[in-house]
Enquirer: 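Structure provided below as structure tokens; questions to follow.
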Amino acid sequence: MGVKAENAIGFIDEQRNLFVAVADEIWEYAEVALHEEKSAAALVRVLAGDGFTVEMGAGGMPTAFVASWGSGRPVIGFLGEYDALAGVSQKALPVKEPLVEGAAGHGCGHNLLGVGAMAAAMALKRELGARGLPGTVKYFGCPAEENLSGKAFMARDGVFDGCDACLTWHPGQTNRVRTGSSLANNAANFTFFGRSAHAAGDPHNGRSALDAIQLMNLGVEFLREHMPPRTRAHYVITNGGGQPNVVPPVAKVWYLVRAANRDDMDELWERIIKCASGAAEMTETRYEMELLKAIYNVLNNPALEGVLDEAFQRVGPPLFTEQDLEFAGEISKSITRRQKESSLKSGQVPEELWNKDLCDVVLPRPAEVEEPKGSTDVGDVSWCCPTAQIGAACGVFGTPGHSWQYCAQAGMGIGHAGMLTAAKVLAEAGFVLMTEPDRLAKARADFERLSGGRKYKSAMPPGQKPAFHQFTG
């Protein structure tokens, strides 16, 4: 069966240069979480110019927005991201060379993600308009997916509640519908307060905040043996004191903790806090915890995944140029054989593709449910309405996530090809959902069944504010 959304697909091809230019513009801005002013403005400029009504400030975040077109139901939403990662600046070259030393870079390809989803929304608008069909298309501009989880604040404020379905994608190494869940997680700053003293002259009069942090971290290390499967605990000491001959009166550690689901996360978090409390008691210090975010695991939707899978098979894989293939061959030299094979195995990639650098086919859904490897605030959206995702090949096999290699490919033809393919798949799937009510009904049935009727309730306390201070712009 051929692609049904001919107007949408044709529009993406016709406007290819526009979408590539905006993706590259955002790639160059490389703005970190909650500070994506220029990136959000670039997307808003294009959407508003195309006739979308834009409302800024969703979820209490200046760089979050909702762009809408059309009227009535169905309401189909597309999720876009555009935040960069601190410290992974890289030129669009196959060798490590920062664009700006120490600066942020798009090491997760969110410049592609945001524009690809936008292109899908604009293309679906074209399809509905050409056919005179009712329905509402929404594009959700979602900041701070990395670390600070902007969608969770939007979900808490009911931004996604009116959607019949939400679709999104993520740059990756394969072309395939995503069927796995994700890990729920919490993040917080723990700041300990002690008493300064001369480290040699009268250390007995000091109470070290750094000692408290080290004891908390040690407690978490011993706790690892008793954590549930698929649990992760990460931390960095962001303030360890001023100088070694002064007992540190203040110290701070940033924790990010993950678990298989929200209930497991809540239980584990209580134990993490006990490690902090015990450390404070042992060192005669006190601490304050600043919760940064708390998000859900993804609630899968097999019916929507089926729609996306069929759309992907109709659209086909990205079309890479000879220049792309040459770049891929060069950048593959920076990836060890072990890295590549590990990635291929965990991704359930057929062995006949192992000798290639790029995925040039559309893979079927994995034979086994994908093991969750990370976290995403798409999880909170998925508990508000039926939600599903695809991955499109924007990097060579084995490309490490959050790396200079990822950043390089997000700024050139390999990333562009994957982005344009993802846009077509999302637009095609969106058109199916707009015109085949039974597919939406099945998606809603899966949502109700797999959620067990559990209504979404934010895991963050009322009044929780986005942590604008965590990163500088």
Side-chain angles (χ1 to χ4, degrees), residues 1-15 19 47 50-53 66-80 116-140 160-169 175-179 299-317 362 364-365 378 381-382 384-390 392 420-450:
M1 181 171 62
V3 173
K4 295 194 300 183
E6 294 92 352
N7 298 290
I9 303 302
F11 171 76
I12 293 169
D13 286 332
E14 292 166 7
Q15 297 298 317
F19 299 132
L47 287 160
D50 197 49
F52 281 75
T53 300
V66 181
S68 305
W69 177 88
S71 61
R73 306 196 85 92
V75 179
I76 304 300
F78 298 93
L79 310 177
M118 178 187 74
M122 293 169 63
L124 182 55
K125 173 201 166 193
R126 289 299 184 291
E127 194 68 48
L128 296 179
R131 296 174 184 259
L133 296 174
T136 302
V137 181
K138 288 183 177 287
Y139 175 90
F140 296 99
F160 307 106
D161 289 352
C163 290
D164 292 298
C166 276
L167 304 175
T168 192
W169 76 289
N175 306 300
R176 158 184 279 164
V177 173
R178 291 192 163 194
T179 60
L299 181 68
N300 292 104
N301 193 290
L304 278 187
E305 291 166 7
V307 173
L308 284 168
D309 187 39
E310 293 167 13
F312 220 149
Q313 298 297 332
R314 289 194 291 270
V315 169
V362 178
R365 281 182 279 183
V378 173
V381 182
S382 73
C384 297
C385 67
T387 303
Q389 315 173 71
I390 63 167
L420 295 168
T421 294
K424 293 177 182 178
V425 175
L426 295 181
E428 167 72 2
F431 182 62
V432 170
L433 297 173
M434 284 285 192
T435 56
E436 298 183 22
D438 61 312
R439 306 301 292 270
L440 268 182
K442 290 177 181 176
R444 172 56 62 174
D446 277 354
F447 176 78
E448 297 295 341
R449 174 176 59 85
L450 294 172

Enquirer: What's the shortest heavy-atom distance between A311 and A429, and which atoms?
Expert: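 It is CB-N, 3.9 Å.
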Enquirer: For F312, check ring pair (Phe, Tyr, Trp, His ring centres under 6.0 Å) against everything at least two apart and list the hits.
Expert: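 Ring pair (Phe, Tyr, Trp, His ring centres under 6.0 Å) list for F312, sorted by chain: empty.
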Enquirer: Should L133 and M434 be marked as a side-chain contact (heavy atoms from CB on, under 4.5 Å) after you check the CA-CA gap, both sets of side-chain angles, and the distance that decides it?
Expert: CA-CA 9 Å; L133 296 174; M434 284 285 192; over 6 Å; no
Enquirer: Could I get the full list of salt bridge (charged side-chain N to carboxylate O under 4.0 Å, His left out) partners for R131, not counting sequence neighbours?
Expert: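 So R131 forms a salt bridge (charged side-chain N to carboxylate O under 4.0 Å, His left out) with E6, E127.
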Enquirer: Taking all heavy atoms of L304 and all of A388, pick out the closest pair and write down the distance.
Expert: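 For L304 and A388, the tightest heavy-atom pair comes out as CB-CB, 3.6 Å.
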Enquirer: side-chain contact (heavy atoms from CB on, under 4.5 Å) with A123: which residues, sequence neighbours excluded?
Expert: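 side-chain contact (heavy atoms from CB on, under 4.5 Å) check on A123 returns A8, F11, I12, A427.
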Enquirer: List the steps and the verdict of side-chain contact (heavy atoms from CB on, under 4.5 Å) for V432 and R314.
Expert: CA-CA 12 Å; V432 170; R314 289 194 291 270; 3.6 Å; yes
Enquirer: Just grab all the salt bridge (charged side-chain N to carboxylate O under 4.0 Å, His left out) pairs involving residues 116-125, residues at least two apart or on different chains.
Expert: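 Qualifying pairs: D50-K125.
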Enquirer: The criterion is ring pair (Phe, Tyr, Trp, His ring centres under 6.0 Å); which residues satisfy it with F160, sequence neighbours excluded?
Expert: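 F140.
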Enquirer: What do the steps show when you test I76 against F431 for side-chain contact (heavy atoms from CB on, under 4.5 Å), and what is the final call?
Expert: CA-CA 9 Å; I76 304 300; F431 182 62; over 6 Å; no
Enquirer: Using every non-hydrogen atom in the two residues, find where L299 and L450 come nearest and quote the distance to one decimal.
Expert: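 Result for this residue pair: CD1-O, 3.6 Å.
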Enquirer: Mind jotting down which residue pairs meet the side chain to side chain donor-acceptor pair (under 3.5 Å) criterion with at least one end in residues 160-169? Sequence neighbours excluded, please.
Expert: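 Passing the test, one end in residues 160-169: R73-D164.
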Enquirer: Minimum heavy-atom separation for P386 to R444, with atom names?
Expert: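 Shortest heavy-atom contact: CD-NH2, 3.7 Å.
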Enquirer: Work out which heavy atom in G316 is nearest to a heavy atom in V362; give both atom names and the distance.
Expert: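 Reported closest heavy-atom pair: C-CG2, 3.6 Å.
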Enquirer: May I have all residue pairs that pass side chain to side chain donor-acceptor pair (under 3.5 Å) and include part of residues 431-441, sequence neighbours excluded?
Expert: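 Checked against side chain to side chain donor-acceptor pair (under 3.5 Å) - neighbours excluded - the pairs reaching residues 431-441 are K4-E436, E310-R439.
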Enquirer: Suppose we screen for side-chain hydrogen bond (donor to acceptor under 3.5 Å, both in side chains). Which residues come up paired with Q313, at least two apart in sequence or across chains?
Expert: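 Counting only residues at least two positions away or on another chain, Q313 forms no side-chain hydrogen bond (donor to acceptor under 3.5 Å, both in side chains).
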Enquirer: Looking at residues at least two apart in the chain, or sitting in another chain, which of them share a side-chain contact (heavy atoms from CB on, under 4.5 Å) with D446?
Expert: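 D446 satisfies side-chain contact (heavy atoms from CB on, under 4.5 Å) with N301, P302, A303, R449 only.
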Enquirer: How would you list, by chain and number, every residue that makes a side-chain hydrogen bond (donor to acceptor under 3.5 Å, both in side chains) with T136, sequence neighbours excluded?
Expert: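 For T136 there are no side-chain hydrogen bond (donor to acceptor under 3.5 Å, both in side chains) partners, ignoring immediate neighbours.
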Enquirer: Apply side-chain contact (heavy atoms from CB on, under 4.5 Å) to R365 and list each qualifying residue two or more places apart in sequence or on a separate chain.
Expert: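 If we apply the side-chain contact (heavy atoms from CB on, under 4.5 Å) test to R365, skipping adjacent residues, the hits are V177, T179, E305, D309.
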Enquirer: Rounded to the nearest 0.5 Å, how far apart are OG1 of T387 and CZ of F447?
Expert: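 T387 atom OG1 to F447 atom CZ measures 7.5 Å (nearest 0.5 Å).
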Enquirer: Which value, rounded to the nearest 0.5 Å, describes the distance between I390 atom CD1 and T421 atom OG1?
Expert: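 Going from the CD1 atom of I390 to the OG1 atom of T421 covers 8.5 Å.
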Enquirer: What distance separates K138 NZ from L124 CG, expressed to the nearest 0.5 Å?
Expert: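 Reported value, rounded in 0.5 Å steps: 13.5 Å.
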Enquirer: Apply side-chain contact (heavy atoms from CB on, under 4.5 Å) to the pair M122 and W69, showing each step before the final yes or no.
Expert: CA-CA 9 Å; M122 293 169 63; W69 177 88; over 6 Å; no
Enquirer: Which residues satisfy the side-chain contact (heavy atoms from CB on, under 4.5 Å) test with R176, sequence neighbours excluded?
Expert: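 So R176 forms a side-chain contact (heavy atoms from CB on, under 4.5 Å) with T174, Q348, L363, P366.
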Enquirer: Hey, does L167 have a side-chain heavy atom less than 4.5 Å from the side chain of L433?
Expert: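 A side-chain contact under 4.5 Å exists here.
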Enquirer: Between A120 and L426, which heavy-atom pair has the shortest distance, and what is it?
Expert: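 Scanning both residues completely, I find the closest heavy atoms to be CB-CB, 3.6 Å.
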